[in-house]
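The structure appears below as structure tokens.
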Amino acid sequence: MPDLLSNLNPEQHAAVTLLNEPALILAGAGSGKTRVIITRIAWLIQQGLASPATVLAVTFTNKAAREMMSRLSALLPIDTRGMWIGTFHGLCNRMLRAHHRDAGLPATFQILDTADQLSAIKRLMKGLNIDDEKYPAKNIQYFINNAKEQGLRPEDMDATENFNRKFVELYEVYDQQCQREGVVDFSELLLRCYELLAHNPPLRAHYQARFCHTLVDEFQDTNKLQYAWLKLIAGQNNTIFAVGDDDQSIYAFRGANVGNMRDFEHEFSVRNLIKLEQNYRSHGHILDAANQLIANNSRRLGKNLRTDAGHGEPVRVYESTTDSQEAGWIVEEIKALISTGTSRSEIAILYRSNAQSRTIEHALVNAGIVYRVYGGLRFFERQEVKHALAYLRLIDNPNDDTAFARVVNFPTRGIGARSIEQLADAARLYNCSMAAAIPYIAGKAGSSLAAFANLIGKMRAETQQMSLPETVEYVVRTSGLSEFYQNEREGQDRLENLQELVNAAAAFVSEEGYGMDTPARSIPLRPGATSTPELAVATDAPNTVVLDAPGIADPTQNPDTMTPLAGFLSHASLEAGDNQAQAGQEAVQLMTVHAAKGLEFTAVFITGLEEGLFPHENSAMESDGLEEERRLMYVAITRAKERLYLSFAQSRILHGQTRYNIRSRFFDELPQETLKWLTPKVEAGARWGGRSDNAGYGRDWFARPGYTGAASTTPAQLPAFANEQRAAEAGFRVGQQVFHTKFGEGTITALEGGGTDAKAQVKFKRHGEKWLALAVAKLQAVE
DNA sequence: CTACCAGTCCTTTTT
DNA sequence: GGACTGGTAG
């Protein structure tokens with residue numbers, strides 16, 4: 001029996017072996033967090049305190065889930081495939097598939113990704129003749145997802161206010177449309193699963209009895225709905241083991257609620273909050289920098305990272321005149337690093353926003369340094385792949401109008417916009433899907449549409465007995481997609497991606513343990529499974545737990561509640577695939593700070609450390625915005641193992657305009673003794689009251705009087721700041737909320753001039769951006 | 001239906 | 001600066 005505990009430090013040991021109480025583990029960066037979770041699962045099983053079937057482990061990304069499974073099976077000889085380890089969305093999908101009837105969904109329900117959802121909303125709005133200017137589809141999408149993440153259905157929402165009513169109405173119609181089409185979006189997956197458990201006591205009791213240990217990774221990133229789901233599924237006898245780091249919460253903008261950590265601590269009366277503060281990644285100076293920076297945040301749970309590694313090298317700071325000079329300097333440093341033996345893949349260049357990568361890439365290309373950019377299009381998001389998937393979806397579910405609209409005329413088959421509009425009208429009239437409305441269309445348009453329906457019907461019939469890879473291959477060929485891309489000049493890559501899709505299907509089949517010949521569209525029979533899984537009672541399977549609600553399917557004993565095709569389509573939506581340009585190369589790594597979370601590198605460059613960029617100017621408008629930016633900086637710093645570079649530029653071209661920025665306030669928040677300035681440090685001079693707390697935040701975005709910058713700063717560019725300051729004297733500032741009697745609410749985005757010439761640029765919620773003379777316009781401050 | 005042009009937007013992103 | 005969208009001309 002392997003000794004799982006021998007190499008743990010005391011805090012890790014305590015966390016791993018904690019028994020019969022809810023646990024909150026405050027796990028600092030590089031403190032062995034993943035290791036603790038995996039070791040705990042293994043230890044619980046090894047000690048007989050849990051079986052693989054009674055453990056529920058939740059992560060945010062598929063990558064994290066995969067890592068958990070592979071490291072776990074390395075520790076213990078168990079098959080992790082049947083275990084409930086996965087992402088929130090993946091697990092909810094699994095549960096909804098198993099209980100689709102109770103959840104009110106068809107067995108073949110499909111998952112809309114973000115882009116699908118947006119096009120579904122656009123289609124809906126077009127049909128209702130809703131002004132896209134007044135109600136942008138993106139805003140509707142945001143509203144809907146946000147509502148769902150708060151656990152709110154349309155009927156739960158306040159629709160009394162005029163403006164709000166339209167949103168709520170659209171939310172309601174959108175949900176009806178999804179229901180009719182048999183599709184669910186990402187947030188629906190979670191909310192539907194939550195409601196399934198909330199409204200179905202026997203089912204809830206079943207799962208609550210089944211899971212004795214729930215482990216949650218990156219708990220600080222959970223939103224309200226996810227937390228509610230966890231509480232629901234965990235029930236009484238279950239001990240939740242929540243691992244997270246409030247200082248690394250950087251996803252508030254997508255609904256993450258750091259407050260869940262504090263709430264958990266109180267609601268579950270956590271007795272021992274265990275802090276993992278021993279860092280195994282970074283040298284001392286780097287940690288000192290991170291610790292002192294993050295100490296500027298308020299409302300922290302509080303921790304301080306420490307290391308045995310010694311101080312190491314100082315943090316190097318570089319000031320450049322321009323962004324391209326910054327890039328040039330980075331290239332020189334990287335050359336030096338490489339020549340002294342640092343592997344390219346151990347060097348990372350981080351930036352706050354993607355727009356910054358171009359200049360750096362340019363310099364790297366010129367210097368002939370191989371690099372790799374994270375982010376961008378992912379495999380299952382490519383248009384040719386999405387087209388092929390749309391055909392596959394139609395085979396499984398002809399009512400999926402999103403898929404239908406996508407490929408009804410791709411490749412072109414003489415079905416124009418007018419025909420499609422006609423069809424959509426008929427579908428609305430008869431309250432059916434577009435496919436079902438085809439018989440109602442007469443004339444030439446009708447016959448082209450009928451031909452398309454026949455094509456899909458033929459595909460459905462002919463793939464009946466085919467395996468999944470065969471089906472995919474067949475669809476790519478029969479749909480005309482391969483022919484289309486063959487004839488297109490730039491179609492070669494797309495053709496290859498379609499072939500890759502066939503390979504992906506084959507890989508999926510083998511990873512999921514289906515036989516290669518299993519028909520793609522029947523539920524495979526494996527030992528322990530029955531042909532009607534949702535009615536099956538799993539009493540004789542291994543690791544069986546007592547089922548207190550007989551008749552409830554248990555997806556762990558009966559994982560085959562999905563056909564291979566449905567599984568593959570879910571997989572394509574839930575796991576969009578690699579977003580790395582060229583994987584596996586020995587290359588310098590370029591990515592945003594967000595993308596770097598969880599990774600580590602020997603040498604790290606944090607670039608563009610300027611006011612307005614990092615911290616980002618938009619964050620000034622959000623409450624808690626600066627603190628989130630600071631956490632982001634904290635994440636960035638703690639990626640570095642041995643060497644950390646911080647750089648900023650006096651001027652930078654952004655969106656085609658040259659901006660003159662001053663260095664980030666974060667420099668003032670770092671311990672000066674850990675910094676080594678490669679360029680002379682220029683004192684910033686007195687700031688407005690010298691405040692760096694939230695109260696003064698937003699006031700001094702682009703203007704700190706007294707800042708002279710380096711000698712090369714063009715004086716002609718500086719009056720812009722001076723102008724803003726004078727306008728600011730009138731009592732307004734950038735980022736401020738204002739009210740105008742005619743235009744309503746808005747936010748000041750720029751200020752110019754002074755005295756009687758003072759003007760403010762205001763972005764109104766409903767009327768766009770306008771320049772207003774302060775002497776004329778009656779602007780009221782909203783605070 | 002395609003091709004081209006003008007207008008618009010631009011923080012971060014996983015599922 | 002550049003990617004994407006929507007509109008219109010051919």
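Throughout, a chain's letter reflects where its sequence line sits, starting with A, and its residues are numbered from 1. These numbers come from the heavy atoms of this one structure, side chains and all, not from hydrogens, waters or symmetry mates.
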Can you check whether A:N62 has a side-chain N or O nearer than 4.0 Å to OP1 or OP2 of B:dT14?
no
Find the distance A:F379:CZ to B:dT14:C1' and express it as a whole number of Å.
19 Å
Touch class at under 4.0 angstrom, heavy-atom based, for A:S573 against every strand present
nothing
What is the separation between atom CG on A:N145 and atom P on B:dT15, rounded to the nearest whole Å?
15 Å
Partner of A:R631 by side chain to side chain donor-acceptor pair (under 3.5 Å), out of A:D624, A:D247, A:D245:
A:D624
B:dT15, OP1 or OP2 - any side-chain N/O from A:R378 closer than 4.0 Å?
yes
What's A:A417 touching, base or sugar-phosphate or nothing? Going by heavy atoms closer than 4.0 Å.
sugar-phosphate
Measure up the A:H571 and A:F568 rings against each other and bin them: parallel (under 30°), tilted (30 to 60°), perpendicular (over 60°).
parallel
Nearest whole angstrom, please: distance from the P of B:dT12 to the CD of A:E617.
12 Å
Please measure how far the P atom in C:dC4 lies from the corresponding atom in B:dT13, and state the result in whole Å.
16 Å
For the pair A:Y251 and A:H594, name the ring-plane relationship: parallel under 30°, tilted 30 to 60°, perpendicular over 60°.
tilted
Please determine if A:R97 forms a cation-pi arrangement with A:F109, meaning its NZ or CZ atom is less than 6.0 Å from the six-membered ring centre and no more than 45° off the ring axis.
yes
OP1 or OP2 of B:dT15 versus the side-chain N and O atoms of A:N223: is any pair under 4.0 Å?
no
Using OP1 and OP2 only, check whether a side-chain N or O of A:N354 sits under 4.0 Å from B:dT12.
yes
A:N297 and A:Y634: side chain donor to acceptor below 3.5 Å
no
Looking across every strand, which nucleic acid part, if any, lies under 4.0 Å from A:Y251 by heavy atom: base, sugar-phosphate, or nothing?
sugar-phosphate
Hey, does the side chain of A:N409 come within less than 4.0 Å of B:dC1's phosphate (OP1/OP2), counting only N and O?
yes
Aromatic ring of A:F253 stacked on base six-ring of B:dT12, 5.5 Å, 30°:
yes
Assign each of A:I415 and A:T87 to its nearest nucleotide of DNA chain B by heavy atoms, then name whichever residue's nucleotide is nearer the 5' end.
A:I415
If we require ring centres under 5.5 Å and near-parallel planes under 30°, does A:H616 stack on B:dT11?
yes
Contact under 4.0 Å: A:T592 side-chain N or O vs B:dT13 OP1/OP2
yes
Interatomic distance, A:Q226 CD vs B:dT14 P [rounded to whole Å]
14 Å
Where each residue is assigned the nucleotide of DNA chain B containing its nearest heavy atom, which of A:T61 and A:S353 is assigned the position nearer the 5′ end?
A:S353
Minimum-distance nucleotide to A:K122 side chain [options: B:dT13, B:dT15, C:dG6]
C:dG6
Phosphate oxygens OP1/OP2 of C:dG1: is one of them under 4.0 Å from a side-chain N or O of A:R358?
no
